[in-house]
Amino acid sequence: MSRANIGVVGLAVMGSNLARNLAGRPGNTVAIYNRSADKTHHLATAHPEAEFVTADTVEEFAQSLSTPRTAIIMVQAGPATDQVISQLADVFEPGDIIVDGGNAHFTDTIRREAELAARGLNFVGAGISGGEEGALNGPSIMPGGSAEAWNTLGPILESIAAVADGEPCVTHVGTDGAGHFVKMIHNGIEYADMQLIAEAYDLLRHAAGLSPQEIADVFRQWNTGVLESYLIDITAEVLGHVDATTGSPLVDVIVDQAGSKGTGVWTVQSAVGLGVPVTGIAEAVFARAISSSGASRRAGGGLPGPTPTDGKSGSAIGDAQGFIDMVEQALYASKIVAYSQGFDAISEAASEYNWSIDRGEIARIWRAGCIIRAQFLDRITEAYREQPELPLLLAAPYFHSALDDAQTPWRKVIQAGVETGIATPAFSSSLAYYDQIRRERLPACLIQGQRDFFGAHTYKRVDAEGAFHTDWSADR
Ligand code: ATR
């Protein structure tokens, strides 16, 4: 009996929540299947209101779906995803649609799409952001795949996505791996945003000497301005939280070693391959690595340098409120750079992989349902709507003027960090990028001279066409 218009395979937390979200939208009947059938029946029993159609085998699952069959896979990335795809492909028919809603590497998605297309099946790699809560109540969804697949899948995904300003946070990102690429960049930007916020906290705590509670109030205040975002909001909550056991601020009880699941590393690896500087994201990934490098940190503990003095650095910071305002500006400027770099990576990948990606739409679908949701994304959408081929987000009029306002405090805050021994790798690398990108001439001229000296790699001249080589031995 084919009565479900959509199916979900893989019923761990994300899959179960997505299935419940789908079932709760008018017009959807949802088939569910999991390798271990007990999970399938447990979900159906726990949520009778969802009226799930349960299947104990992939064959039953295929029979329960109306055609073209549409199924969303929510299992671990890697070999498990390949296994499930292969099982579904064996029981599905040409024209059916298999969606991978996991965090696949975009190159795996490109490969899988090509393999399934050769069998007449549609394969869609869809980035789904927002964690368990988003899956249940409305995620931001970044699907790739063919236009044909989008025709069937689009309305279903629109029915479950988060909504911002009345519009669903989903769009057809581009063909094959475009959706998973954009999801990867989303995660990379999230790393940069979190690192920037952590640096702002470090400066306010250890240069300005504010308490976690006071910094929570600062973040609450910032959340009413240009920095308004989910991450700023939850940062205030985390900083304001008191540990029930010790009565200390919880942040002081948490071990200072940051973990990761690897999408930040993927972003940096891909960007290096594409030749796009994503320095803010890279510093964020490296900062997590430094925090977790126990042996190096233990060995480095005695090295000389200024020790952060918890607010006794008056000469470096001036008056506290003035410093707080400067850190807000520095955070905003650095954030603009990190996002601009992320969008550069999307642009470069789009030309490398032949994707037609509307960057304004990407900023729009990140406006709700995902971790980096923020008011500021509207400014990005506007910039790309005004100038769809905009070569550098930083140069759009709004950001140009924001950076003009912010750059003096940005420099002063970084100087305060240098003087007090508080590292600001993401703030500093963002400013370094900004100062390089706006320079008329860079010292790369010297590097070209060095390359020609030791390897006869040749150089170009500013006053003539062609490649030139100098006979360096003649000077020695
Ligand atoms: P979470 O992190 O939310 O727990 P996950 O680890 O990404 O989820 O995915 C776990 C899901 O993948 C489960 O539904 C699991 O099925 P079981 O309940 O039978 O363990 C499913 N899964 C993992 N490997 C699989 C495979 N090789 N074939 C089919 N399903 C698989």
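Computed over heavy atoms, backbone and side chain alike; hydrogens, waters and symmetry mates excluded. All ligand and atom numbering here is 1-based and tracks the order in the structure.
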Checklist entry - So, Arg364 and Asp165, do they make that salt bridge, N to O below 4.0 Å? => result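 Salt bridge flag = no for Asp165 with Arg364.
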Next on the checklist: Between the side chains of Glu382 and Arg385, is the shortest nitrogen-to-carboxylate-oxygen separation below 4.0 Å, so that they form an ion pair?
Outcome noted: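 The answer is no: the pair does not qualify as a salt bridge.
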Next on the checklist: Considering both backbone and side-chain atoms of Gln87, is one of its nitrogen or oxygen atoms within less than 3.5 Å of a nitrogen or oxygen in ligand 1?
Outcome noted: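 There is no such contact.
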Checklist entry - Taking the six-membered ring for Trp, are Phe219 and Tyr201 ring centroids under 6.0 Å apart? => result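 Distance test on ring centres: not under 6.0 Å, no.
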Counting only heavy atoms closer than 4.0 Å, does ligand 1 sit against the backbone of [X], its side chain, both, or neither?
{"X": "Leu11", "value": "backbone"}
{"X": "Val75", "value": "both"}
{"X": "Lys39", "value": "side chain"}

Checklist entry - In chain order, what residues pass the side-chain contact (heavy atoms from CB on, under 4.5 Å) check against Ser248, with sequence neighbours excluded? => result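 In terms of side-chain contact (heavy atoms from CB on, under 4.5 Å), with neighbours along the sequence ignored, Ser248 is linked to Thr246, Val253.
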Item to check | Taking atom 27 (N) of ligand 1 as the reference point, the nearest protein heavy atom with its distance | outcome: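 The closest one turns out to be Gln83 OE1, 2.6 Å.
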Checklist entry - Going by heavy atoms, is Gly15 under 4.0 Å from ligand 1? => result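 Judged by the 4.0 Å heavy-atom criterion, Gly15 does not count as contacting ligand 1.
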Item to check | Exercise check, heavy-atom protein proximity under 4.0 Å to atom 2 (O) of ligand 1 | outcome: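 Protein heavy atom within 4.0 Å of atom 2 (O) of ligand 1: absent.
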Next on the checklist: Which residues pass the ring-ring contact (aromatic ring centres under 6.0 Å, His included) test with Tyr384, not counting sequence neighbours?
Outcome noted: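 Tyr384: ring-ring contact (aromatic ring centres under 6.0 Å, His included) contacts with Phe343.
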